[in-house]
Amino acid sequence: MTTTPDDAGSADPHSDIPTDPHANDAAPYGGGDPYADYRGGDFPFTSLVDLADRRLGAGVIAANDEFFAERENLLTPGPAVFDPERFGHKGKIMDGWETRRRRGADGDRPFPADGDHDWALIRLAAPGVIRGVLVDTAHFRGNYPQQITVEATAVAGTPGPERLLADDVTWTELVPRTPVRGHAANGFPVAAERRFTHLRLKQHPDGGIARLRVHGEVVPDPAWLDALGTLDLASVLHGGRIEDASDRFYSSPAQLIRPDLSRKMDDGWENRRRRVRGTHDWVRLRLAAQGEIRAVELDTAYLKGNSAGWAALHGCDATAGAPADDAAWTEILPRTALQPDTPHRFVLPAAVTATHLRLDVFPDGGLARLRVHGSLTAAGRTALGRRFDALTG
Ligand SMILES: NC(=O)NC(NC(N)=O)C(=O)[O-]
């Protein structure tokens, strides 16, 4: 079994184990809705992009053990499912990453050693600064880990597990060894001003975790954006970010700036039916950096009876530091009728320099994707380079 560099002799200084080690257990499943007794939580950092989003390209590249349930389940979009009737050759089929029960050295020492733990390695979809980690133990009621640890590192290129587990790799502890609750959302704010590329999740001494979410801010490599030249300035993978929206009732506006194509109606942004005349729905977003916009795409894919009737785009240049609300907004696309389930492409009559955009839809209705094609300005490139250097130095 692959060991990790800190296995040898790591004593457990963790006196924070509850006096009753089962204090965090959830009740056995008693039938009905398996989420009825789920212990949730409100974690503001979850408004930021999930850097470990499988749909953006993240992956669980290795684990030392996945006896009961595969490591890849950690990043599956959406909540974990539970079927009380489903058993397989190894035991109960669980929707998460679950390792076997560890045993001690012999009958006189049946419990695992204090430093024994299981680990999984996660490649982030886009390197970035991590602001919070959500360790979701949904449906792991009596077999969740007693404690977890989350560490992060930055290794350039596409390192494999062997490289990441090498002694010369420095791991930064984001969440120290900490107890978690079973069948619960365990959220941990993170304060580490660095750009990370990979995570290591540890279960002490063993157990099951349903989902891992790693929320933060994408910090793109300026050299890559230089090479692209013309790019989607709004793309989440390039550092674009939704700042606010009028309505998120059916699905999140964050999906507007995902790099993939929408595959079904709820893959885009859909707001509720608006009934207050004279109002409309809108989204405000921050671009990767100050950019020069030359073309935009508004895609209403899979939105047929509920796509936005009309849309308009405005931009503002807030590099002067004025918040987007106060800066003057420049019209990029006048109020334009949209077709349902259709990609709309617009070449601008003249390039527009902006740091933020506002998308207005009338009177309401969904949009699947928004693409903003252009290039970084010199000022935008300088700002990106400074941030990259500060977070990687
Ligand atoms: N009832 C169980 O879930 N048992 C075992 N886990 C699975 N998945 O079967 C275990 O040891 O935790």
Side-chain angles (χ1 to χ4, degrees), residues 1-4 7 12 14 17-40 52 54 59-122 133-150 175 177-186 200-213:
M1 175 184 297
T2 309
T3 58
T4 55
D7 265 357
D12 171 18
H14 299 277
I17 297 174
T19 48
D20 168 10
H22 293 282
N24 285 333
D25 287 12
Y29 175 63
D33 174 7
Y35 275 100
D37 61 339
Y38 178 74
R39 296 175 288 186
R54 177 66 183 159
V60 188
I61 60 177
N64 71 300
D65 181 283
E66 40 193 325
F67 181 85
F68 283 115
E70 295 173 311
R71 65 182 193 266
E72 289 88 348
N73 293 324
L74 281 172
L75 306 189
T76 300
V81 296
F82 179 75
D83 177 347
E85 304 303 323
R86 283 198 74 204
F87 288 82
H89 298 295
K90 297 288 197 306
K92 180 76 187 71
I93 292 176
M94 296 295 286
D95 182 8
W97 168 45
E98 186 187 1
T99 64
R100 78 194 71 205
R101 299 191 188 196
R102 282 179 173 269
R103 299 306 184 210
D106 53 43
D108 295 327
R109 292 168 292 175
F111 281 89
D114 200 74
D116 288 354
H117 63 274
D118 293 315
W119 54 264
L121 296 175
I122 297 96
V133 174
L134 189 62
V135 177
D136 180 0
T137 57
H139 315 307
F140 291 99
R141 296 167 175 267
N143 48 358
Y144 60 96
Q146 197 163 15
Q147 298 129 17
I148 59 95
T149 302
V150 181
V175 180
R177 186 171 166 173
T178 306
V180 291
R181 296 189 298 171
H183 195 45
N186 301 279
R200 179 163 62 187
L201 172 62
K202 294 180 178 175
Q203 297 197 75
H204 306 269
D206 54 37
I209 296 171
R211 296 285 187 265
L212 175 71
R213 307 299 188 215

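Counting starts at 1 for both ligands and their atoms, in listed order. All residue numbers refer to positions in the sequence shown, counting from 1.
Among protein heavy atoms, the minimum distance from atom 6 (N) of ligand 1 is reached at Glu98 OE2, 2.8 Å. The single protein non-hydrogen atom nearest to atom 11 (O) of ligand 1 is Arg101 NE, 2.5 Å, given as residue, atom name and distance. Closest to atom 3 (O) of ligand 1, if we only count protein heavy atoms, is Asn143 ND2, 3.2 Å. Closest protein heavy atom to atom 9 (O) of ligand 1: Lys92 N, 2.8 Å.
Residue Lys90 places no N or O, backbone or side chain, under 3.5 Å from any N or O of ligand 1.
Counting heavy atoms closer than 4.0 Å to ligand 1, residue Met94 contributes side-chain atoms (C-beta onward) but none from N, CA, C or O.
Looking at heavy atoms from C-beta onward, Trp97 lies out of side-chain contact with Asn73 at the 4.5 angstrom threshold. Looking at heavy atoms from C-beta onward, Phe140 lies out of side-chain contact with His183 at the 4.5 angstrom threshold. Contact annotation: the side chain of Tyr35 approaches that of His139 to within less than 4.5 Å [non-hydrogen atoms, C-beta and beyond].
For ligand 1, the atoms sitting less than 4.0 Å from at least one non-hydrogen atom of Gly91 are 9 (O), numbered in the order shown with element in parentheses.
With respect to Arg211 and Asp95, a salt bridge is recorded, a charged nitrogen being found less than 4.0 Å from a carboxylate O. With respect to the salt-bridge test (charged N to carboxylate O, under 4.0 angstrom), the residues Asp118 and Arg100 do not qualify.
Of the N and O atoms on the side chains of His117 and Thr149, not one donor lies less than 3.5 Å from an acceptor on the other residue. The closest side-chain donor-acceptor pair between Asp25 and Tyr144 falls under 3.5 angstrom.
Atom 1 (N) of ligand 1 lies below 4.0 Å from none of the non-hydrogen atoms of the protein.
Between the choices Phe67, Tyr29, Phe68, the shortest heavy-atom distance to atom 5 (C) of ligand 1 belongs to Phe68.
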